[in-house]
S.K.: 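Quick one: structure below, then a few questions.
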Amino acid sequence: MPRRFWLMKCEPEVYTIADLERDGATTWEGVRNYQARNLLRDDMKVGDGVLFYASNALPSGVTGLAKIVRAGFPDPTAWKEGHEYFDPASTMAAPVWYSVEIGFVERFALTIPLATLKATRGLGKMMVTQKGSRLSVQPVTRSEYQIVTQLGRAT
DNA sequence: GCCAACGTTGGC
DNA sequence: GCCAACGTTGGC
C-alpha cells in the first residue's frame with residue numbers, strides 16, 4: 001500500500017516539534033472537526049509521512065517531520081468527564097472522535113514560513129497555502145512533501 | 001488585537 | 001432544509 005502524506009497543525013503554545021523530539025511520540029488528540037476526524041479515522045496509516053506545522057506562530061510554518069506510528073483509534077479525551085475535550089456524544093460503543101499517534105522524524109533547523117511555501121514553485125496548490133484553509137489535518141501530495149523536506153534540509 | 005473565513009447551532 | 005447568529009481558527 002502506497003505511503004501517503006499529511007500536514008498537521010498545532011499551536012506552539014500547545015505542542016512543538018521540539019516537544020515531539022523530546023517525547024519521541026505523542027497522541028494527536030482533541031481534533032473536533034468532522035472532516036479532520038474522517039482523515040484520522042479512515043485514511044492515516046502507519047508509516048505515512050507528516051509535515052509538522054506550527055500555526056499562530058512567528059512565523060507560522062513547517063517546523064519538521066513526523067510519521068504515523070499508530071493508525072486511527074478512539075480519542076480517549078472525549079470520554080474524560082471534565083476534560084476540555086470531553087464530549088458526552090462519544091461513547092465507548094460508538095466513538096465520535098479519533099486520534100492517531102505520531103512519532104518524531106526530523107526537526108528543521110529553521111521554520112519554513114507559510115510565505116515561503118506560498119512562494120515556492122510546486123506548492124501553489126498545497127492546501128495550507130490556500131486562503132481560508134483552516135483544516136487542522138490536511139492531505140499533502142508526495143511531491144509537496146518532498147519539496148518541503150528539501151526546503152527544510154537546505155536551511 | 002483585528003478581522004476574514006469557515007463550521008456549527010438552532011429557530012423557524 | 002434554509003439561513004442568520006454565533007464561535008473558532010489563524011494570518012497578519
Side-chain angles (χ1 to χ4, degrees), chain A residues 4-23 26-44 48-68 72-102 104-141 143-145 147-152 154-155:
Chain A
R4 297 179 67 181
F5 301 91
W6 310 97
L7 178 144
M8 299 175 80
K9 292 182 190 171
C10 189
E11 303 194 12
E13 284 202 3
V14 179
Y15 203 77
T16 66
I17 191 72
D19 293 330
L20 184 59
E21 183 172 28
R22 178 197 63 213
D23 296 342
T26 194
T27 299
W28 205 262
E29 55 198 20
V31 172
R32 296 293 179 269
N33 168 282
Y34 288 104
Q35 211 178 333
R37 186 283 307 273
N38 292 345
L39 296 175
L40 292 168
R41 186 189 59 192
D42 305 330
D43 297 323
M44 301 177 83
D48 284 359
V50 174
L51 299 174
F52 194 101
Y53 183 92
S55 61
N56 261 319
L58 296 170
S60 294
V62 178
T63 55
L65 305 178
K67 64 185 174 186
I68 306 298
F73 58 93
D75 184 340
T77 65
W79 296 327
K80 289 182 186 152
E81 206 160 345
H83 194 284
E84 73 169 305
Y85 297 139
F86 175 67
D87 182 355
S90 185
T91 63
M92 298 253 182
V96 176
W97 304 114
Y98 280 73
S99 297
V100 296
E101 189 174 358
I102 64 169
F104 176 76
V105 172
E106 186 174 324
R107 177 180 172 185
F108 293 162
L110 295 171
T111 299
I112 309 305
L114 179 59
T116 301
L117 300 179
K118 287 180 176 172
T120 299
R121 212 181 153 80
L123 301 182
K125 290 185 179 167
M126 199 175 173
M127 195 181 285
V128 77
T129 67
Q130 312 301 311
K131 190 177 180 184
S133 151
R134 289 175 25 179
L135 197 59
S136 65
V137 176
Q138 307 180 352
V140 166
T141 67
S143 125
E144 287 162 352
Y145 180 89
I147 291 169
V148 175
T149 297
Q150 279 168 11
L151 287 173
T155 49

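All heavy atoms count here, side chains included; hydrogens, waters and symmetry mates do not. Please read all numbers here as calculations on a predicted model, not as lab measurements. In what follows, chains carry the letters A, B, and so on, assigned in the order in which the sequence lines appear, proteins first and then strands, with residues in each chain numbered from 1.
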S.K.: Could you state the atom-to-atom distance from CG of A/L58 to P of C/dC12 in whole Å?
M.R.: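 Result: 11 Å.
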S.K.: Would you mind reading off the distance between A/L7 atom CG and C/dT9 atom C1', rounded to a whole angstrom?
M.R.: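 In whole Å, C/dT9 C1' lies 15 Å from A/L7 CG.
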S.K.: Nearest 0.5 Å, what's the CH2-OG1 distance between A/W79 and A/T91?
M.R.: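 With rounding to 0.5 Å, CH2 (A/W79) is 8.0 Å from OG1 (A/T91).
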S.K.: So, OP1 or OP2 of C/dG10: does either fall under 4.0 Å of a side-chain N or O from A/S60?
M.R.: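 For C/dG10, OP1/OP2 do not have a side-chain N/O of A/S60 under 4.0 Å.
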S.K.: Is A/K131 close enough to B/dA5 that one of its side-chain N or O atoms is under 4.0 Å from OP1 or OP2 there?
M.R.: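 So the side-chain polar atoms of A/K131 do come within 4.0 Å of the phosphate oxygens OP1 or OP2 of B/dA5, strictly under.
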S.K.: Tell me which nucleotide among B/dG7, C/dG10, B/dA4 gets nearest to the side chain of A/K9.
M.R.: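 Of the candidates, C/dG10 comes closest.
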S.K.: Under a 4.0 Å N-O cut-off, is there an ion pair linking A/D75 with A/R32?
M.R.: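 Between A/R32 and A/D75 there is a salt bridge, with a charged N closer than 4.0 Å to a carboxylate O.
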S.K.: Output, in order, the C-alpha distance, side-chain angles, deciding distance and verdict of ring-ring contact (aromatic ring centres under 6.0 Å, His included) for A/W97 and A/Y34.
M.R.: CA-CA 8 Å; A/W97 304 114; A/Y34 288 104; 4.8 Å; yes
S.K.: Rounded to whole Å, how long is the line connecting atom OH of A/Y34 with atom P of C/dT8?
M.R.: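 Those two atoms, OH and P, are 15 Å apart.
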S.K.: Can you check the A/M127 CE to B/dA5 P distance for me, whole Å?
M.R.: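 About 18 Å, once rounded to whole Å.
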S.K.: Can you tell me the distance, in whole Å, between the CH2 atom of A/W97 and the P atom of B/dG7?
M.R.: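 For the pair A/W97 CH2 and B/dG7 P, the rounded distance is 13 Å.
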S.K.: Roughly, in whole Å, what's the span from CE in A/M126 to P in C/dG11?
M.R.: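 Those two atoms, CE and P, are 12 Å apart.
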S.K.: Is the closest side-chain donor-acceptor distance between A/D19 and A/T16 under 3.5 Å?
M.R.: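 Side-chain D/A pair, A/D19 to A/T16: present.
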S.K.: Atom CD of A/E11 to atom P of C/dG10: distance rounded to whole Å?
M.R.: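 Computing the A/E11:CD to C/dG10:P distance gives 7 Å.
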S.K.: For A/N33 and A/N56, find the nucleotide of DNA chain B closest to each by heavy atoms; which residue's nucleotide sits nearer the 5' end?
M.R.: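 Closer to the 5' end of DNA chain B: A/N56.
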S.K.: What is the distance, rounded to the nearest whole Å, between atom CD of A/Q130 and atom C1' of B/dC6?
M.R.: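 The answer, rounded to whole Å, is 15 Å.
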S.K.: Does A/Y53 put a side-chain nitrogen or oxygen below 4.0 Å from OP1 or OP2 of C/dG11?
M.R.: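 Yes.
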S.K.: Taking only side-chain N and O atoms of A/K118, does any of them lie within less than 4.0 angstrom of OP1 or OP2 on C/dC12?
M.R.: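 Checking A/K118 against C/dC12: at least one side-chain N or O falls below 4.0 Å of OP1 or OP2.
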S.K.: Under 3.5 Å, which donor-acceptor pairs do the side chains of residues 122-131 of chain A form with other protein atoms, sequence neighbours left out?
M.R.:
residue : atom : partner : partner atom : Å
A/T129  : OG1  : A/L123  : O            : 3.4
A/T129  : OG1  : A/M126  : O            : 2.7
A/Q130  : NE2  : A/G124  : O            : 2.9
A/Q130  : NE2  : A/M126  : O            : 3.1

